[in-house]
Amino acid sequence: MSITGREYWWQKPKGKAHDAVVDAVKYIDTTYGDRRGLNEQNLRLYGNRNFSGFGPSQYYKGSGSEARLKLNLIKSVIDTNTAEHASNKPKPMFLTIGGDWSLQRKGKNLGKFVAGVFHQTKLYETAHDVRRDRGIFGTGGVKIWGEVTPSGKGVIHCKRFFPDDVLVDEQEARTGEPRQLFYVIPVAKDWGGAKWPESKVAWRDAKLVRKGDAIRSDGQQLVDQASLIEAWHLPSFEGAKDGRHVICIAGATLLDEQWKGDRFPLAISRRNKQPLGFWGYGMAEELTQNQLSVNDKLEFVEACFRYCAPHILIPRGSKVNKAHIDNVAWSMIEYAGEKPEWLVPNMFPAGLLEDIERDIRRAYEITGTNLMLAQAQKPRGDMSGKAIDSLNDTGSKRAQVDGLNDQQWFLDCADLMIDAAKQVDEEMKEKDLGPFKVLAPTSRVLEEIKWPDVDMPRDSYQMQAFPVSFFSGTPAEKWNQIADMVERGVLQPEQARSLMDWPDTEEWASRENAPYDMIRSQMEDIIEHGIPAEVEPFHNHALIMQLAPKALYQAQRDGVPKERQELLRRMILEAKNWISKTQPIQQAGQPGHAMTMAPPTEPPAGFAPPIQ
């Protein structure tokens, strides 16, 4: 019980919190109902439909013969902004704090593990919907949790939540960090009864608890629904016992457990987070006045087209046959006396269309969205390369805040996925199902990674977000970048070919780059698994002498075990011996050269001699 004498929902006896949770949801829904009204308005502006609400029988209905926007500026800006960030796919990397090579290797493999979860949950695809929600409502995100299925398989789920389904107490969330949060969604009663069979009777009588969640009044719906409520209360401090997680419906508690985490299992992304409050400030709300201004001007233009029709001036008493005046092309009008005069008034004031264009440009400028992207335009042909780079740099800086929000959101998702992996692995161990594992995509194959092999204390690493690829996503631009780096000497031809991972060149590049890829694979097997490399007579020994010493230096820097460093040295010496053996044969085939053994070659730059 609270010190004030009240008993809040998270202080109720276990299994008895459902009534208090439902009361809390109804209180927030009634007290802060204007939040739902604002969300409905924003979605109406984006969707260009005057639907009646968010309820199960409301969101798909319009208001009949509704007047739609002639030019939906808000949708255009939001869709363009979403597309502008579609290629932003940050990849979490785990930097170990100090530690030896084994800890660094764990951090590297943890990055692969998280990348595998990103791939399996389709997080990058879901991110497009989250960015769009962020533009419409100011807030978007996903709910992340793990479970062991009845078949014994560990799974991590990542599901986009609809922003209006999340409720917080605005008074408690004044600084943006509430201690309790509610997630309320309408679900089918039959589904709930099947998932929680012990509560079938309660599911039969359960209701929709939110004020706007109306159902069909004629009772002809194909499915009966009830509100499923998930509530969290964070521990008041580290080690506190008042953390609570409850799943319930009106009339029954379905799950009641202690919540030990210091965050909710929701990765929330906000656009223009406000100085006070929990919610972000979306583009739909920001551009409402711009949309209204464009609407008014377009309505005036239409009125001008309707009413500013051409007229014919006929002098009084003239002998014009009015029956001959029609709108048929090439018709003849007979007249005597003065000729009729056509009067075509100006339809609308000069500069009105320019004002509309200016309002459209201003909307893109306000939100920092690329207007050229919306128009599918490229920079002018007479612009220099430096001018284009400067233009792109300015645009990237303007969108930097959104990019940073994206990066932090992906890191939050990674953190929640790690928490879910720990929970799933513990549950699988309790059921003797073995460790939780994930298939992580590499350049050519899927690698199976077990959670116990990458599990590390949270205070032993830091996460940073890096782009998935340094290069552009379009083949033409990527080719230009690679060609420029080869010309500058940054990349070798073999490295350039390995970076050209396009389907139509893959077979050719794979064959041409086979020696380079094989040597890299051998060095990786030495460093990661301690598997010796076999250097054959037909191998590219010069390429080994170019790559292996650098790998040895890197291994020494990273603290790779000495025996694996020795395997790299052995690989280098074997390649050097094969070079020494083949040089006399090559010289013998040249005129004027006798069959004499060549002197030993000098080791290449960067070569580290073996330890004596």
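This is a predicted model, so every value here is computed, not measured.
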### Query
What do the steps show when you test Glu40 against Arg44 for salt bridge (charged side-chain N to carboxylate O under 4.0 Å, His left out), and what is the final call?
CA-CA 6 Å; Glu40 290 174 351; Arg44 289 188 187 109; 3.7 Å; yes
### Derivation of the salt bridge (charged side-chain N to carboxylate O under 4.0 Å, His left out) call for Asp165 and Lys143
CA-CA 12 Å; Asp165 293 339; Lys143 177 174 178 265; over 6 Å; no
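The ring-ring contact (aromatic ring centres under 6.0 Å, His included) check on Phe162 picks up Phe54, Phe137, with sequence neighbours excluded. Residues forming a ring-ring contact (aromatic ring centres under 6.0 Å, His included) with His245 (at least two apart in sequence, or on another chain): Trp232, Trp259. Looking at residues two or more places apart in sequence or on another chain, you find a side-chain hydrogen bond (donor to acceptor under 3.5 Å, both in side chains) between Lys297 and Asp359. Under the ring-ring contact (aromatic ring centres under 6.0 Å, His included) criterion, Trp279 pairs with no residue at all, not counting sequence neighbours. By the side-chain hydrogen bond (donor to acceptor under 3.5 Å, both in side chains) test, Arg271 pairs with Glu286, sequence neighbours left out. In this structure Arg179 satisfies the side chain to side chain contact (heavy atoms under 4.5 Å, CB included) test together with Glu172, His233, Leu234, sequence neighbours excluded. Looking at residues two or more places apart in sequence or on another chain, you find a side chain to side chain contact (heavy atoms under 4.5 Å, CB included) between Asp79 and Tyr46, Lys75. Applying the side chain to side chain contact (heavy atoms under 4.5 Å, CB included) criterion to Thr31, with sequence neighbours excluded, gives Tyr27. Taking Leu298 as the reference, Lys70, Leu71, Val294, Ile356 meet the side chain to side chain contact (heavy atoms under 4.5 Å, CB included) condition, with sequence neighbours excluded. With sequence neighbours excluded, no residue satisfies ring-ring contact (aromatic ring centres under 6.0 Å, His included) with His128.
Between the Gln120 side chain and the Phe118 main chain, no donor and acceptor come within less than 3.5 Å of each other. A distance-only check finds a donor-acceptor pair linking the side chain of Tyr124 to the backbone of Pro90 [under 3.5 Å]. One N or O on the side chain of Asn42 and one on the backbone of Leu38 form a donor-acceptor pair closer than 3.5 Å. No side-chain donor-acceptor contact under 3.5 Å links Thr139 to the backbone of Arg270.
Across every non-hydrogen atom of Leu73 and Ile360, the tightest pair is CD1-CG2, 3.9 Å. When all heavy atoms are compared, the tightest approach of Val168 to Ile28 is O-CG2, 3.4 Å. Between Pro92 and Val114, the shortest heavy-atom contact is CG-CG1, 4.2 Å. Counting all heavy atoms, side chain and backbone alike, Thr369 lies closest to Thr367 at OG1-OG1, 2.9 Å. Nearest heavy-atom pair across Gly146 and Ala420 is N-CB, 3.8 Å. When all heavy atoms are compared, the tightest approach of Cys248 to Val21 is SG-CG1, 3.7 Å.
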Under 3.5 Å, sequence neighbours excluded: what are the donor-acceptor pairs made by side chains of residues 408-419?
residue : atom : partner : partner atom : Å
Gln408  : NE2  : Asp412  : OD1          : 3.0
Trp409  : NE1  : Ala267  : O            : 2.9
Asp415  : OD1  : Arg458  : NE           : 3.3
Asp419  : OD2  : Arg263  : NE           : 3.4
Asp419  : OD2  : Arg263  : NH2          : 2.7

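Side-chain atoms of Asn295 and Glu299 include no donor-acceptor pair closer than 3.5 Å.
The list of salt bridge (charged side-chain N to carboxylate O under 4.0 Å, His left out) pairs with a residue in residues 116-137, not counting sequence neighbours, reads Asp129-Arg132, Arg131-Asp406, Asp133-Arg160, Arg134-Asp406.
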